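Some notes on the structure that comes next.
Just so it is clear, the model here is predicted, and its values are computed rather than measured.
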Amino acid sequence: MPDEKLPLALSVGDPSGVGPEIAIAAWQARDSAGLPPFYLLADPALIDARARRLGASVAMVETTPAKAPEVFVHALPIVPLAARSIDSPGQPDPANAAGIIEAIDRAVADCLGGRAAAVVTCPIAKKPLYDAGFRFPGHTEYLAHLASLHTGADAMPVMLLAGPELRTVPVTIHIALSEVPKALTSDLIVATARITATDLEHRFGIARPRLAIAGLNPHAGEGGAMGAEDEHIIRPAIERLRAEGIDAFGPLPADTMFHARARAGYDVAICMYHDQALIPAKALAFDEAVNVTLGLPFIRTSPDHGTAFDIAGKGLARPDSLIAALKLARRLADSETKAAAA
């Protein structure tokens, strides 16, 4: 159970991306943004080099998770990694893979070990990790693997994009659009929606979440005239969810479910594929949206953007989404603590 006095664990992400600089910028904005205490898992030499490259005046202190909250007031708390990192903005290097993975490993271990309230992750890129032998499809799958290692129980991670005006969940994620109809099943929709409803209740504090289920095809299939998936896969899933007492409804035409009046009628949109969920979420709140991983035994949030290698080291990266991720992580941790105590 998270403790309101515990800091957040922030992993540095890919050192060649914008992770180091948005972490620095977030700490610099700690007072104006009302940020909760966090510590950065990183190579201190990397953070110092990036700060000097950007001309950022920032005090840094190597510390432990336990001492991070008191350090946070006057300096950026850095919990040092064993692995060293190469400071090469915009030029991803497989040599940095060890540090990227170590930061994630230790953030999760700290959270599950009662040293951190939640895990917040700066962005990583897959190719440098693959080139170094990383065998997981991505960040989220690796977090689920770590959860299973620590707890002995399998975890099904669910991606939630959370913004001020909209929450969306993609049922299928990083697969080609042509593969979506083959991957989509009633069981997958039901499992995704169950996890979403549970976490919205226990972590977001929504007593009975309303789940709007998007159709796959235009006009939600027009009764089967534009594809059979909406009637044969999605609708049966909704019926099963409603039989379980989950307030799910649809399938809804995706082209009419994201305007303001429609959004007022639900707490989350369950979408059938990646872009159906992420386009409206990012269009409405590109700088404020947060990537939240549901279904894990710990809280994990992340900025909704990637490594942005093209602007890394140039002082152009904005910390808004990371700031939102840190604040949401704290709110979810506090909500979970209150729910557990009730």
Side-chain angles (χ1 to χ4, degrees), residues 17 121 123-127 136-141 143-144 156-186 188-193 195-196 200 211-222 226-235 237-238 248-260 262-263 265-295 300-310 320-321 324-325:
T121 61
I124 65 172
K126 298 179 182 68
K127 189 176 187 308
F136 295 89
H139 215 157
T140 302
E141 293 84 357
L143 289 165
M156 176 180 167
V158 170
M159 176 191 289
L160 169 75
L161 265 288
E165 301 175 53
L166 175 67
R167 300 182 191 94
T168 62
V169 167
V171 174
T172 63
I173 308 178
H174 295 119
I175 61 174
L177 189 58
S178 61
E179 299 297 315
V180 171
K182 291 178 278 187
L184 203 60
T185 66
S186 294
L188 180 60
I189 296 168
V190 169
T192 301
I195 290 169
T196 302
L200 286 184
L211 278 59
I213 314 293
L216 173 66
N217 297 293
H219 303 176
E222 286 272 14
M226 291 191 204
E229 294 88 356
D230 300 275
E231 294 301 319
H232 295 165
I233 296 174
I234 302 172
R235 193 177 300 281
I238 296 169
F249 55 94
L252 304 175
D255 63 344
T256 58
M257 66 183 289
F258 297 113
H259 61 81
R263 296 196 306 270
Y266 59 81
D267 298 298
V268 64
I270 306 293
C271 303
M272 296 302 111
Y273 55 93
H274 181 278
D275 284 10
Q276 191 182 58
L278 272 66
I279 287 174
K282 292 189 177 185
L284 284 169
F286 185 78
D287 291 316
E288 299 86 19
V290 177
N291 185 346
V292 185
T293 305
L294 310 179
R300 181 263 181 144
T301 67
S302 179
D304 74 341
H305 58 73
T307 51
F309 290 131
D310 58 322
D320 306 56
S321 187

Which is it for S321 and D287 under the side chain to side chain contact (heavy atoms under 4.5 Å, CB included) test, yes or no, and what are the steps along the way?
CA-CA 5 Å; S321 187; D287 291 316; 5.9 Å; no
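- Considering all non-hydrogen atoms of both residues, G215 and D230 come closest at CA-OD1, 3.0 Å.
- Scanning all heavy atoms of the two residues, the minimum distance from S178 to P181 falls at O-CD, 3.7 Å.
- The backbone N or O of N291 lies less than 3.5 Å from no partner atom in the side chain of S302, so there is not a single donor-acceptor pair.
- Considering only heavy atoms from C-beta on, L278 stays 4.5 Å or farther from D304 through its side chain.
- Rounded to the nearest 0.5 Å, atoms OG1 (T192) and CD1 (I213) are 9.5 Å apart.
- Using a distance-only test at 3.5 Å, with no hydrogens or angles considered, no donor-acceptor pair links the side chain of D320 to the main chain of E288.
- Here H174 pairs with H274 under the ring pair (Phe, Tyr, Trp, His ring centres under 6.0 Å) rule; sequence neighbours left out.
- Under the rule for a ring pair (Phe, Tyr, Trp, His ring centres under 6.0 Å), F286 has no partner lying at least two apart in sequence or in another chain.
- Rounded to the nearest 0.5 angstrom, L216 CG and L184 CG are separated by 6.0 Å.
- Shortest non-hydrogen contact noted between I234 and P251 is CG2-CB, 3.8 Å.
- Of the options T293, V169, I173, V171, a side-chain contact (heavy atoms from CB on, under 4.5 Å) to M159 is made by I173 and by none of the others.
- Taking all atoms of both residues into account, the shortest heavy-atom contact from A289 to L161 is CB-CD1, 4.3 Å.
- Note: Y266 OH to L211 CG = 11.0 Å, rounded to the nearest 0.5 Å.
- Across every non-hydrogen atom of A237 and S186, the tightest pair is CB-O, 3.8 Å.
- Contact annotation: the side chain of T168 never approaches that of K282 to less than 4.5 Å [non-hydrogen atoms, C-beta and beyond].
- The side-chain heavy atoms of P280 and L166, taken from C-beta on, include a pair separated by under 4.5 Å.
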Evaluate the criterion side chain to side chain contact (heavy atoms under 4.5 Å, CB included) for residue pair I175 and Y273; output intermediate values, then yes/no.
CA-CA 8 Å; I175 61 174; Y273 55 93; over 6 Å; no
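- Every side-chain contact (heavy atoms from CB on, under 4.5 Å) that A162 has, sequence neighbours left out, goes to L160, R167, V292, L328.
- By the salt bridge (Lys or Arg N to Asp or Glu O under 4.0 Å) test, E231 pairs with R235, sequence neighbours left out.
- Scored by the salt bridge (Lys or Arg N to Asp or Glu O under 4.0 Å) test, E141 finds no partners at all (sequence neighbours excluded).
- Remark: N217 CG to E229 CD distance equals 5.0 Å, nearest 0.5 Å.
- When all heavy atoms of A214 and C271 are compared, the pair lying nearest together is CB-CA, 4.1 Å.
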So L177 and Q276, side chain to side chain contact (heavy atoms under 4.5 Å, CB included) or not? Walk me through it.
CA-CA 11 Å; L177 189 58; Q276 191 182 58; over 6 Å; no
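- Remark: H219 engages E222, M226, D255 in a side-chain contact (heavy atoms from CB on, under 4.5 Å) (not counting sequence neighbours).
- Within the 4.5 Å cutoff, no side-chain heavy atoms of T172 are placed close to those of E179.
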